[in-house]
> 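Sharing a structure here in structure tokens format.
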Amino acid sequence: GTGQSDDSDIWDDTALIKAYDKAVASFKKS
Amino acid sequence: LGFSPSLKWQQQQVGNFSDIRQSVNKHRQLWQTKTLDDNVIMPKIDDEEGWKRFCLGENVCLNTAQTDSGEPGVDYIKMGFPPFLSIVSKLNQATVSAVLEYLINWFEEREFVPQLGRWLYALLACLEKPLLPEAHSLIRQLARRCSTVRANLESKDDERLSALNLLICLVARYFEQNDLADK
């Protein structure tokens, strides 16, 4: 309905760790 | 040359980091209310050794050999607790600054490890702007140390390079310490 639940699913307890890993991986690809 | 990131990559990281910080703020209250597992015992704010062991793990802090159980991340006491949102959301600004200081002090005398990168990123994501003067000095110290370690890397394929570049980028470009930025 509101999109809130989708957002919560993505933003889980490991969100900061995933964001860091993604940022680090992006340099290797660049 | 060849070790530092492009301007485009740096700008992307600053944009992404800004989004992440907004999301942390948005979800902070929700995560603050989550009950931590019984094994997660956060040290008191002034317990420097306790926080280093909590974040980096006994293997790194006590210099003990790493045992590979085949299931990475299971033994948080040995490997360190990752910066879960349910943990970092419970840290007030004084604790964020204190833990940042403990970890940066640790890094001054030791090699970079993956757990350190994750925690520094998470703490920077929780560090409120405008920065206090002590925080300015602290994160500048971090960027300088990252630059020093980077300058001693022998290969562009070194696993640590991207993490060091990311931390330098965030300090210099997001927290506006422009004199430290990679051009």
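Source: prediction; values computed, not measured. Numbers restart at 1 for each chain; the letters A, B, ... are given by sequence-line order, proteins then strands.
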> Verify the distance criterion only: is there a donor paired with an acceptor across the side chains of B:S155 and B:D158 at less than 3.5 Å?
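Distance-only check fails for B:S155 and B:D158.
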> Quick one: are B:N165 and A:V24 in side-chain contact, heavy atoms under 4.5 Å?
no
> Side chain, backbone, both or neither: which part of B:L166 has a non-hydrogen atom closer than 4.5 Å to chain A?
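Contact with chain A: side chain only.
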> If you count heavy-atom pairs under 4.5 Å between each of B:P83, B:S89, B:A122, B:C169 and chain A, which one has the most?
B:P83
> Does the cation-pi check pass for B:R145 over B:F107, that is, NZ or CZ under 6.0 Å from the six-membered ring centre and within 45° of its axis?
yes
> Give, as side chain, backbone, both or neither, the part of B:V24 having an atom under 4.5 angstrom from any heavy atom of chain A.
both
> Quick check on B:A125 against chain A: is it the side chain, the backbone, both or neither that has a heavy atom closer than 4.5 Å?
side chain
> Can a salt bridge be assigned to the pair B:D19 and B:K26 using a cut-off of 4.0 Å between side-chain N and carboxylate O?
no
